[in-house]
Asks: 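Sharing a structure below in structure tokens format, with a few things to ask.
Residue numbering restarts at 1 for every chain, and letters A, B, ... go by the order of the sequence lines. What you see below is based on every heavy atom in this structure, not just the backbone, and it leaves out hydrogens, waters and symmetry mates.
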Amino acid sequence: MKVQCLKGFRDYLPEEMLQKNRMVRAVQQVFECHGYPPLMTPALEYSEILLGKYGVEGEMLLYRFRDNGDRDVALRYDLTVPLARVLAEHGEITMPFRRYQIAPVWRAEKPARGRFREFMQCDVDLVGADTAAADAEMLVIGSAVMKELGISGYRIRINHRGILAALCRLAGLTSAGEVEFLRLLDKLDKIGADAFRDQVGQISGIDEAGVESVLKIVMANPGDSRQILAGLEDALGSDPEAVSSIERMSEVLDLVEASGVSEQCHIDPSIARGLSYYTGLVYETFLDSLPGFGSVMSGGRYDGLVGLLAGKDLPAIGISLGLDRLFSAMKELNLLENRSQPADVLVVQFSQALAPASFAAAARLRTAGIATVVYPRDAKLKKQFQFAQKAEIPFVVVIGEDEQSRGTLQLREMDKGSQQEISIDEAIRIIGVELPEGNNQ
RNA sequence: GUGGGUGUAGCUCAGUUGGUUAGAGCGCCGGCUUGUGGUGCCGGAGGCCGAGGGUUCGAGCCCCUCUACCCACCCCA
């Protein structure tokens, strides 16, 4: 037997888990700060719930099997379709409905850098409002999450399905070649205009003059979202769907600007999205320093999805942060705080006879809310101090015979190298003052 | 899934045209005496050389298969 973790899956060792938990807490805090309560759904769904929602490529990536009761089940592929199922199943839910969910999803893809078969998604969705306010709220939350995570070098690229549909029409396409056309459009900045012309030219029914018009629109890069919208208006002004999409994006920009987060939000008509359920605004987020990592946070409006399960449509929009991918990116960029364990204080065990004194002190410290570990053996003090140093525990408490008889303890601050003999109450006070905000795990 | 690359100690890697008991740095453990970390010095443990098969008197090194990882394509979070 070869002992190894399943391909595409990964272990998070304690130090990494500490870092990942910090990210989860930050995301959760931002979501709740925007008025979103949590939702939890099972990892498994009936296959028929998930089938027909992700397009043919997505469907092939489902982990699907028969359970012990011979039910046809699948691991959830995202958090959006399970949300739609909940909405369809629970008629008592009132609109507008907000929820967030931070949970793993599974896709049987070929693993690569920043891409796993099991990964944590952080989703917020707002159901029941097809408005610019709802659209903008997603971008506001997305920006807030990135800020809270300490990431500044990124851009959210925003488009609208209506623009994409209009571009397809401009290129002479009906529904037939659309998927292929949009895929190439999405790759345009990677492959370049010539390769685009070349490959798009193979789609049957394509209009070459139309393709040039599309290129002109998409390649025009004024750098400013308002100017891009103006350009789209000029070029697609005769297409009613495009006009209303442009108007919507313009309203969204108003609100994003009013929220003070327009810096990283950019209209980009070349952004397409793979999942087939999107109907309106769509967006993807790329890190400036790691563009090859792919999108770390994306989503869009999906006004038709709930209807597939509920029988009647409900407008909805959401955004999803790929936490594991972002974790990998931040690790590569050295943006994660390194701390191998959560204790702020090590209480040494001076001798076996003095272990009760150490335990008593530790109990007092913990009652005061200070994360504390006691060294598990009466090893040499040198060894115990080395442990504290390696584990980056900022304080060490020593209680030997002398301290015990005087009712005091030695409090050593590791990075300063300073030490003082004081009472436990004084120690609690000092540790409370010295510890940086949020250091407690 | 397709193409290319790489698997040698916990980690990063050396290892000469195939030739005896496979190396380094870092890390780990112990020591440099008795109540205190970071540096230094000394010592130690730890490898079926990714797995299986083949060629050869002889394979870490050559060939085949498998597997894992990395890069590109593809797609995405």
Asks: In Watson-Crick or G-U wobble terms, both distances under 3.5 Å, what is the partner of B:rA72?
Replies: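 By the stated definition (distances under 3.5 Å), B:rU2 pairs with B:rA72.
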
Asks: When we call it a touch if two heavy atoms are under 4.0 Å apart, what does A:Asp324 touch: a base, just sugar-phosphate, or nothing?
Replies: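 Since no nucleic acid heavy atom lies under 4.0 Å of A:Asp324, the category is nothing.
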
Asks: Taking any strand in view, what nucleotide pairs with B:rG23 in a Watson-Crick or G-U wobble way, both distances under 3.5 Å?
Replies: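 The answer is B:rC13, by the H-bond criterion.
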
Asks: Which whole-number value in Å describes the distance from A:Gln199 CD to B:rC74 P?
Replies: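 My rounded result for the distance is 8 Å.
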
Asks: On the nucleotide B:rC29, are OP1 or OP2 found under 4.0 Å from the side-chain N or O atoms that A:Lys383 carries?
Replies: yes

Asks: Is there side-chain contact between A:Tyr283 and A:Ile319, with heavy atoms separated by less than 4.5 Å?
Replies: yes

Asks: What integer distance in Å separates A:Leu188:CG from B:rC74:P?
Replies: 13 Å

Asks: Are the side chains of A:Lys53 and A:Leu305 in contact, using a 4.5 Å heavy-atom criterion?
Replies: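 Yes, their side chains come closer than 4.5 Å.
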
Asks: Which is true for A:Phe350 with a 4.0 Å heavy-atom rule: it touches a base, it touches only sugar-phosphate, or it touches nothing?
Replies: base

Asks: Before accepting this row, confirm whether a basic side-chain N of the pair A:Arg364/A:Asp425 lies closer than 4.0 Å to the acidic partner's carboxylate O.
Replies: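 Yes.
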
Asks: Where each residue is assigned the nucleotide of RNA chain B containing its nearest heavy atom, which of A:Ser418 and A:Arg117 is assigned the position nearer the 5′ end?
Replies: A:Ser418

Asks: Centre of A:Tyr77's six-membered ring, under 6.0 Å away, within 45 degrees of the axis: is that where NZ or CZ of A:Arg107 sits?
Replies: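 Yes, A:Arg107 sits over the ring of A:Tyr77.
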
Asks: Which is true for A:Gly114 with a 4.0 Å heavy-atom rule: it touches a base, it touches only sugar-phosphate, or it touches nothing?
Replies: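 A:Gly114: base contact, heavy atoms under 4.0 Å.
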
Asks: Taking the six-membered ring of A:Phe286 as reference, does the cationic atom of A:Arg157 (NZ for Lys, CZ for Arg) lie under 6.0 Å from its centre and within 45° of its axis?
Replies: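 Flagged: A:Arg157 positioned over aromatic ring of A:Phe286.
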
Asks: Are the charged groups of A:Lys20 and A:Asp324 less than 4.0 angstrom apart, N to O?
Replies: yes

Asks: Mind checking the P distance from B:rC11 to B:rC70? Whole angstroms is fine.
Replies: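 Nearest-Å result for B:rC11 against B:rC70 at atom P: 15 Å.
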
Asks: Just to be sure I understand the rule, does A:Gln384 reach a base, reach only the sugar-phosphate, or reach nothing, if contact means heavy atoms closer than 4.0 Å?
Replies: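 Since no nucleic acid heavy atom lies under 4.0 Å of A:Gln384, the category is nothing.
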
Asks: Is NZ or CZ of A:Arg117 both nearer than 6.0 Å to the six-membered ring centre of A:Phe9 and within 45° of the ring axis?
Replies: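 No, A:Arg117 does not lie over the aromatic ring of A:Phe9.
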
Asks: If you look at every strand shown and take non-hydrogen atoms under 4.0 Å, does A:Lys416 touch a base, only sugar-phosphate, or nothing?
Replies: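 It contacts nothing in the nucleic acid.
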
Asks: As a test of reading the structure: which of B:rG38, B:rU36, B:rC29 is closest to the side chain of A:Lys390, going by heavy atoms?
Replies: B:rC29

Asks: Roughly how many Å is it from CG in A:Leu354 to C1' in B:rU36, rounded to a whole number?
Replies: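 Interatomic distance, CG of A:Leu354 to C1' of B:rU36: 16 Å.
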
Asks: Which base sits across from B:rU39 as a Watson-Crick or G-U pair, both distances under 3.5 Å?
Replies: none

Asks: B:rU36, B:rC76, B:rC28: which one has an atom nearest the side-chain heavy atoms of A:Val398?
Replies: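 Per side-chain heavy atoms of A:Val398, the pick is B:rU36.
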
Asks: It should be established whether A:Lys380 places a side-chain nitrogen or oxygen under 4.0 Å from OP1 or OP2 of nucleotide B:rG31.
Replies: yes

Asks: Starting from the 5' end of RNA chain B, give me the residue, A:Leu6 or A:Glu118, whose nearest nucleotide shows up first.
Replies: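 Whichever sits nearer the 5' end wins; that is A:Leu6.
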
Asks: Nearest whole angstrom, please: distance from the P of B:rA68 to the CZ of A:Arg113.
Replies: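 For the pair A:Arg113 CZ and B:rA68 P, the rounded distance is 21 Å.
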
Asks: Under 4.0 Å, counting only non-hydrogen atoms across every strand here, what does A:Glu403 touch: a base, just sugar-phosphate, or nothing?
Replies: base

Asks: Taking only the side-chain nitrogens and oxygens of A:Lys382, find out if one of them lies under 4.0 Å from OP1 or OP2 of B:rG31.
Replies: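 So the side-chain polar atoms of A:Lys382 never come under 4.0 Å of the phosphate oxygens OP1 or OP2 of B:rG31.
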
Asks: Expressed as a whole number of Å, how far does the C1' atom of B:rG15 sit from that of B:rG23?
Replies: 7 Å

Asks: In whole Å, measure the gap between the P atoms of B:rU36 and B:rC32 for me.
Replies: 12 Å

Asks: Return the nucleotide paired to B:rG44: Watson-Crick means purine N1 to pyrimidine N3 with N6-O4 or O6-N4, wobble means G-U with N1-O2 and O6-N3, both under 3.5 Å.
Replies: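 In the structure as shown, B:rG44 has B:rC28 as its Watson-Crick or wobble partner.
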
Asks: Quote, to the nearest angstrom, the P distance that separates B:rU8 from B:rG54.
Replies: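 Comparing P positions in B:rU8 and B:rG54 gives a spacing of 24 Å.
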
Asks: Determine the contact category for A:Val348: base if any of its heavy atoms lies under 4.0 Å from a base atom, sugar-phosphate if only primed atoms, P, OP1 or OP2 are that close, otherwise nothing.
Replies: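 Since no nucleic acid heavy atom lies under 4.0 Å of A:Val348, the category is nothing.
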
Asks: Please give the distance between the C1' atoms of B:rC62 and B:rU56 as a whole number of Å.
Replies: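 The same atom, C1', in both gives a distance of 10 Å.
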
Asks: With a 3.5 Å limit on both atom pairs, tell me what B:rC49 is paired to, counting Watson-Crick and G-U wobble, or say none.
Replies: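 WC or wobble partner does not exist here.
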
Asks: Does B:rC69 have OP1 or OP2 under 4.0 Å away from a side-chain N or O of A:Lys7?
Replies: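 The answer is yes; a side-chain N or O of A:Lys7 sits under 4.0 Å from OP1 or OP2.
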
Asks: Without decimals, in angstroms, what is the distance between A:Lys110 NZ and B:rG4 P?
Replies: 12 Å

Asks: Quote, to the nearest angstrom, the P distance that separates B:rC63 from B:rG1.
Replies: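 After rounding to an integer number of Å, I get 25 Å for this pair.
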
Asks: Can A:Arg183 be said to sit on top of A:Phe181's aromatic six-ring, NZ or CZ under 6.0 Å from centre and within 45° of the ring axis?
Replies: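 No, a cation-pi geometry is absent between A:Arg183 and A:Phe181.
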
Asks: Mind checking the P distance from B:rC61 to B:rC48? Whole angstroms is fine.
Replies: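 Result for the P pair: 16 Å, nearest Å.
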
Asks: Expressed as a whole number of angstroms, how long is the span from A:Phe385:CZ to B:rG35:P?
Replies: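 So the two atoms are 13 Å apart, to the nearest Å.
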
Asks: Could you tell me the separation between the CG atom of A:Leu381 and the C1' atom of B:rG35, rounded to a whole number of Å?
Replies: 5 Å

Asks: Does the base of B:rC76 carry an N or O that pairs as donor and acceptor with the side chain of A:Arg107 under 3.5 Å?
Replies: no

Asks: Quickly work out the A:Glu15 CD to B:rG10 P distance and round it to whole Å.
Replies: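 Spelled out: CD on A:Glu15 to P on B:rG10 is 19 Å.
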
Asks: Which part of the nucleic acid, if any, lies within contact of A:Met297, taking any heavy atom under 4.0 Å across all strands shown: a base, the sugar-phosphate backbone alone, or nothing?
Replies: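 Sugar-phosphate contact only.
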
Asks: Quick one: label A:Arg412 by what it contacts on the DNA or RNA (base, sugar-phosphate, nothing), any heavy atom closer than 4.0 Å.
Replies: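 Here A:Arg412 touches the bases of the nucleic acid.
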
Asks: Mind checking who B:rG18 pairs with, Watson-Crick or G-U wobble, both distances under 3.5 Å?
Replies: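 In the structure as shown, B:rG18 has no Watson-Crick or wobble partner.
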
